[in-house]
Amino acid sequence: MTERKRATLILEDGTRFEGYSFGEPCPAVGEVVFNTAMTGYPESLTDPSYSGQILVITYPLIGNYGVPGPEAENGIPRFYESDRIHVRALVVSDYSFEHSHWNATRSLDEWLREHKVPGIYGVDTRQITKLIREKGVMLGKIAVEGSPEPGRFEDPNTDNLVAAASCSEVQTYGNGKYRVVLVDCGCKYNIIRCLLRRDTTVIRVPWNYDFTGMDYDGVMISNGPGDPAMARETVDIIRKAMQVGKPIFGICMGNQILSMAAGARTYKLKYGHRSHNQPVSMCGSNRAYITSQNHGYAVDPSALGEDWEPFFVNLNDGTNEGIRHKTKPFFSVQFHPEATSGPVDTEYLFDELVEQMEKYRGM
């Protein structure tokens with residue numbers, strides 16, 4: 001191991017956490033958020049929903065199973081959620097410089113360096129998380145010994161992160177029975193995998209692409225980063241697609257997009273929902289599910305029209321976790337039914353989309 005460089009995480013309230021640098025030894029600025037998952041750091045780091053953010057992982061030991069290789073299946077990497085790391089920086093408690101796993105090809109340190117992303121270890125990540133939960137999401141920056149000092153704090157949510165995370169051209173995957181338009185607001189690859197396993201052709205389109213004149217059986221609105229208010233063009237297109245009447249299914253940012261198209265408002269949560277074990281309840285039933293979540297904004301369903309109803313509710317804080325139309329095949333969820341590395345309790349919702357596409361096919 002080379003000589004360790006000191007690194008510091010500085011929060012906008014002035015709190016400082018001293019540790020050591022790994023990954024690329026460079027400064028970073030962004031919004032500081034936490035994740036409570038015990039596994040899945042390759043998936044989290046490549047999740048476009050973390051664009052612009054400094055990710056704090058509460059599980060203490062990170063790096064012990066290395067990073068998987070880039071081998072692809074159906075045109076997308078098997079073990080990643082996008083084609084690159086999206087976080088601005090990574091904050092961990094204890095970094096393992098030795099790794100061992102059957103599909104590891106390099107260390108987390110090497111992978112971060114490849115993507116020019118800094119990391120800091122040796123800090124109390126659970127204390128950082130408690131601070132965020134008390135004061136709310138904060139901006140932060142990382143300073144590394146021997147590198148230029150980072151500049152002012154920057155709020156990434158003032159930028160259109162959806163546009164930056166979305167694809168730039170139409171892409172097609174698979175050759176199945178059902179044609180699904182995937183509106184890419186910063187989609188995770190496992191949405192594509194879940195669709196392909198259900199006999200679909202996935203047509204991935206940019207966030208502001210008007211697909212309503214295309215030949216398709218259903219629409220999937222993906223997850224994505226930042227403030228959903230920045231995606232007004234997507235909202236307008238989805239409102240137009242609702243007039244077509246074919247099935248629409250939204251996930252995370254997709255729930256917010258569909259809700260805004262239905263007349264609802266969104267608001268920023270104090271510290272967001274970011275964990276693999278968030279309990280939700282299906283409205284009008286006794287069913288509860290364990291879900292994976294990663295979002296900083298929520299839907300206020302009070303402005304929904306009388307033709308809409310809440311679909312799920314969060315059992316921790318009562319916030320909205322999805323909406324559905326009472327008579328038409330439109331529904332969405334705030335959590336991740338395609339979650340990688342889990343849980344997969346709600347993946348059945350993809351089957352519901354397929355059932356709706358079969359019912360409304362040819363209309």
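- In this structure, CD in Glu18 is found 9.5 Å from CG in Leu9, a value given to the nearest 0.5 Å.
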Intermediate values then yes/no, salt bridge (charged side-chain N to carboxylate O under 4.0 Å, His left out), Arg193 and Glu43: CA-CA 14 Å; Arg193 298 186 194 104; Glu43 294 88 347; over 6 Å; no
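- For Tyr189 and Tyr173, the ring centers are positioned 6.0 Å apart or more.
- Ion pair Lys177/Asp199 not flagged as a salt bridge, since none of the NZ, NE, NH1 or NH2 atoms sits closer than 4.0 Å to an Asp/Glu carboxylate oxygen.
- Nearest heavy atom pair, residue Pro48 against residue Ala165, reads CB-CB, 4.1 Å.
- For the residue pair Gly176 and Thr201, the shortest heavy atom distance occurs at N-OG1, 2.8 Å.
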Should Asn320 and Gln334 be marked as a side chain to side chain donor-acceptor pair (under 3.5 Å) after you check the CA-CA gap, both sets of side-chain angles, and the distance that decides it? CA-CA 8 Å; Asn320 175 262; Gln334 190 60 58; over 6 Å; no
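- Heavy-atom neighbours of Asn175 CG from other residues, nucleotides or ligands within 6.0 Å: at or below the threshold of 12.
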List the steps and the verdict of side-chain contact (heavy atoms from CB on, under 4.5 Å) for Val29 and Arg88. CA-CA 7 Å; Val29 294; Arg88 295 271 182 90; 4.2 Å; yes
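- A salt bridge links Asp351 with Arg198; the closest basic N to acidic carboxylate O contact falls under 4.0 Å.
- Here the side chains of Leu61 and Ser96 are in contact, with some heavy-atom distance below 4.5 Å.
- Under 3.5 Å, the side chains of Asn316 and His273 contain no donor-acceptor pair of N or O atoms.
- Using bins of under 30°, 30° to 60° and over 60° for the plane-to-plane angle, the ring pair Trp308/His325 lands in the perpendicular bin.
- A donor-acceptor pair under 3.5 Å links the side-chain atoms of Ser82 to the main chain of Thr46, judged by distance alone.
- Looking at Ser107 and Asp109, their side chains never bring a donor and an acceptor atom within 3.5 Å of each other.
- Following chains of ILVMFWY side-chain contacts shorter than 4.5 Å, one cannot reach Leu139 starting from Ile142, and the two form parts of different hydrophobic clusters.
- Side-chain polar atoms of Ser275 and Asn277 form no donor-acceptor pair below 3.5 angstrom.
- Taking the six-membered ring for Trp, Tyr267 and Tyr297 have ring centres at least 6.0 Å apart.
- Looking at heavy atoms from C-beta onward, Ser166 lies in side-chain contact with Pro206 at the 4.5 angstrom threshold.
- Phe249 is not listed as a side-chain neighbour of Val180, based on a closest heavy-atom distance of 4.5 Å or more.
- Between Thr291 and Phe312 there is no side-chain heavy-atom pair separated by less than 4.5 Å.
- Under the 4.5 Å side-chain heavy-atom criterion for grouping Ile, Leu, Val, Met, Phe, Trp and Tyr, Phe153 is not connected to Val91 through any hydrophobic cluster.
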Evaluation steps, side chain to side chain donor-acceptor pair (under 3.5 Å), between Asp13 and Thr15: CA-CA 6 Å; Asp13 69 349; Thr15 307; 2.9 Å; yes
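- Minimum interatomic distance between Pro25 and Ser147 (heavy atoms only, all atoms of both residues): O-OG, 2.7 Å.
- In summary, of the residues considered (Phe311, Tyr348, Phe335), a ring-ring contact (aromatic ring centres under 6.0 Å, His included) with Tyr289 occurs for Tyr348 alone.
- Here the CZ-OG distance, from Arg274 to Ser44, works out to 11.0 Å after rounding to the nearest 0.5 Å.
- Residues Asp236 and Arg232 are not paired through a salt bridge, judged by the lack of any N-O separation under 4.0 Å between the basic side chain and the carboxylate.
- Atom CD of Glu98 has 12 or fewer neighbouring heavy atoms from other residues, nucleotides or ligands inside a 6.0 Å radius.
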With side-chain contact (heavy atoms from CB on, under 4.5 Å) as the criterion, how do Ser302 and Arg265 come out once you've worked through the C-alpha distance, each side chain's angles and the decisive distance to 0.1 Å? CA-CA 8 Å; Ser302 63; Arg265 297 179 292 272; 3.4 Å; yes
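- Both Leu196 and Ile251 belong to a single network of hydrophobic side chains, linked directly or stepwise wherever heavy atoms of I, L, V, M, F, W or Y lie under 4.5 Å apart.
- In this structure, Val183 and Val219 approach most closely via the heavy-atom pair CG2-CG1, 4.0 Å.
- The side-chain heavy atoms of Tyr360 and Lys328, taken from C-beta on, include no pair separated by under 4.5 Å.
- Note on Leu269: it does not cluster hydrophobically with Val32, by side-chain heavy-atom contacts below 4.5 Å among ILVMFWY residues.
- To the nearest 0.5 Å, atom NE2 of residue His336 and atom OG of residue Ser49 are 5.0 Å apart.
- Relative orientation of the Tyr65 and Tyr41 rings is parallel, given thresholds of 30° and 60° on the angle between their planes.
- The CZ atom of Arg204 sits 12.0 Å away from the CG atom of Leu195 when rounded to the nearest 0.5 Å.
- Of all heavy-atom pairs between Thr234 and Ile257, the closest is CG2-CG2, 3.9 Å.
- Contact annotation: the side chain of Asn223 never approaches that of Asn294 to less than 4.5 Å [non-hydrogen atoms, C-beta and beyond].
- Taking 4.5 Å as the limit, every side-chain heavy atom of Lys246 sits out of range of all side-chain heavy atoms of Pro329.
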Could you go step by step and tell me if Glu358 and Tyr178 meet the side chain to side chain donor-acceptor pair (under 3.5 Å) rule? CA-CA 8 Å; Glu358 177 64 30; Tyr178 305 100; 2.6 Å; yes
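- Put simply, the side chain of Lys268 never gets that close to the backbone of Asp227: no donor and acceptor are under 3.5 Å apart.
- The distance between the ring centers of Phe97 and Tyr95 falls below 6.0 angstrom.
- Counting non-hydrogen atoms of other residues, nucleotides and ligands closer than 6.0 Å to CE of Met38 gives a total of 12 or fewer.
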Determine whether Gln256 and Met253 satisfy the following criterion, side-chain contact (heavy atoms from CB on, under 4.5 Å), listing intermediate values before the conclusion. CA-CA 5 Å; Gln256 298 160 4; Met253 172 73 77; 3.7 Å; yes
Evaluate the criterion side-chain contact (heavy atoms from CB on, under 4.5 Å) for residue pair Val137 and Glu31; output intermediate values, then yes/no. CA-CA 7 Å; Val137 171; Glu31 183 181 48; 3.1 Å; yes
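- Remark: side-chain polar atoms of Asp159 are not paired, donor with acceptor, to backbone N or O of Leu161 under 3.5 angstrom.
- For the pair Arg324 and Phe330, the NZ or CZ position fails the cation-pi test of under 6.0 Å to the six-membered ring centre and within 45 degrees of the ring normal.
- Among residues two or more places apart in sequence or in another chain, the salt bridge (charged side-chain N to carboxylate O under 4.0 Å, His left out) test is passed with Glu114 by Arg106.
- Listed by chain and number, the residues in a salt bridge (charged side-chain N to carboxylate O under 4.0 Å, His left out) with Lys130 amount to none (sequence neighbours excluded).
- Using cut-offs of 30° and 60° on the angle between ring planes, the pair Tyr80 and Trp111 is parallel.
- Side-chain contact check for Leu258 versus Met242: some heavy-atom pair is nearer than 4.5 Å.
- Counting non-hydrogen atoms of other residues, nucleotides and ligands closer than 6.0 Å to NZ of Lys359 gives a total of 12 or fewer.
- Side-chain N or O atoms of Asp184 include one that pairs as donor or acceptor with a backbone N or O of Cys167 at under 3.5 Å.
- For Ala37 against Ile57, the heavy-atom pair with the smallest separation is O-CG2, 4.3 Å.
- Note on Val344 and Ile191: separate hydrophobic clusters, where clusters join Ile, Leu, Val, Met, Phe, Trp and Tyr whose side-chain heavy atoms are under 4.5 Å apart, directly or indirectly.
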